[in-house]
Amino acid sequence: MPFVDNFVALMNERGIAVDSSVVPDPEIIEGALNNVQLWWDELNAAVRDGFDEGSEEFAVCFILGEPEINVAPELRGILQAFDQVAGQRLSQLLQTTREVLAASQNI
């Protein structure tokens with residue numbers, strides 16, 4: 001699975017330790033990232049900023065992958081990996097993932 005190997009390697013290079021077993025197909029990742037973006041854009045600015053700031057210090061990203069919340073259950077493992085990264089906000093991690101997704105498909 002060249003895509004998965006590329007995706008995992010590039011995420012690891014950026015400090016996000018993702019296990020290959022949790023990486024779905026690129027189309028699924030893209031769709032789920034779009035779902036997160038829609039959810040993000042609908043938040044009140046103060047709530048969005050608070051969640052983003054909190055995600056830098058606390059493990060809150062995983063909640064978006066929970067089936068009960070249903071924002072991006074397809075990314076559950078990747079969102080859990082986000083919570084293991086110190087000093088980065090959800091918005092930064094999502095942007096990194098979009099960049100890695102694009103790069104992984106072009107290798």
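Along the sequence shown, residues carry numbers from 1.
Closest heavy-atom contact between Asn12 and Ala17: OD1-CA, 3.0 Å. Ala102 approaches Asn106 most closely through the heavy-atom pair O-ND2, 2.9 Å. Here the shortest heavy-atom pairing between Ala72 and Val36 reads CB-CG2, 3.5 Å. Across all their heavy atoms, Ser20 and Val4 have their closest contact at CB-CG1, 3.6 Å. Considering all non-hydrogen atoms of both residues, Thr97 and Met11 come closest at OG1-CE, 3.5 Å. Of all non-hydrogen atoms in Leu90 and Asp52, the two that sit nearest each other are N-OD1, 3.3 Å.
The same ILVMFWY cluster, assembled from side-chain heavy atoms under 4.5 Å apart, contains both Leu94 and Ile69. Hydrophobic cluster membership is shared by Val47 and Trp39, with clusters built from Ile, Leu, Val, Met, Phe, Trp and Tyr side chains linked at under 4.5 angstrom. Note on Leu79 and Ile28: separate hydrophobic clusters, where clusters join Ile, Leu, Val, Met, Phe, Trp and Tyr whose side-chain heavy atoms are under 4.5 Å apart, directly or indirectly.
Of the possible polar contacts, none joining the Asp25 side chain to the Glu27 backbone as a donor-acceptor pair under 3.5 Å is found. The backbone N or O of Leu10 lies less than 3.5 Å from a partner atom in the side chain of Arg14, making a donor-acceptor pair.
Summarising the geometry, atom CD1 belonging to Ile29 is positioned 8.0 Å from atom CD belonging to Gln105; distances are rounded to the nearest 0.5 Å.
Looking at Phe51 and Trp40, their side chains come closer than 4.5 Å, going by heavy atoms from C-beta outward. Residues Leu75 and Leu64 are not in side-chain contact: their nearest non-hydrogen atoms beyond the backbone lie 4.5 Å or more apart. The shortest side-chain heavy-atom distance between Gln88 and Glu56 does not fall under the 4.5 Å cut-off. Between Asp83 and Phe58 there is no side-chain heavy-atom pair separated by less than 4.5 Å. Side-chain contact between Ile78 and Pro24 is present, with at least one heavy-atom pair separated by less than 4.5 Å. Taking 4.5 Å as the limit, some side-chain heavy atom of Val23 sits within range of a side-chain heavy atom of Val18. Side-chain atoms of Phe82 and Thr96, non-hydrogen and from C-beta on, never get closer than 4.5 Å to each other.
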- Message: Apply side-chain contact (heavy atoms from CB on, under 4.5 Å) to residues Leu93 and Val85 and explain how you reach the verdict.
- Response: CA-CA 9 Å; Leu93 296 164; Val85 178; 4.2 Å; yes
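Side-chain N/O atoms of Gln95 and Glu99 include a donor and acceptor closer than 3.5 Å. No side-chain donor from either of Glu30 and Asn34 sits under 3.5 Å from a side-chain acceptor of the other.
Sorted by first and then second residue, the side-chain hydrogen bond (donor to acceptor under 3.5 Å, both in side chains) pairs with a member in residues 62-77 read Glu66-Arg76; sequence neighbours excluded.
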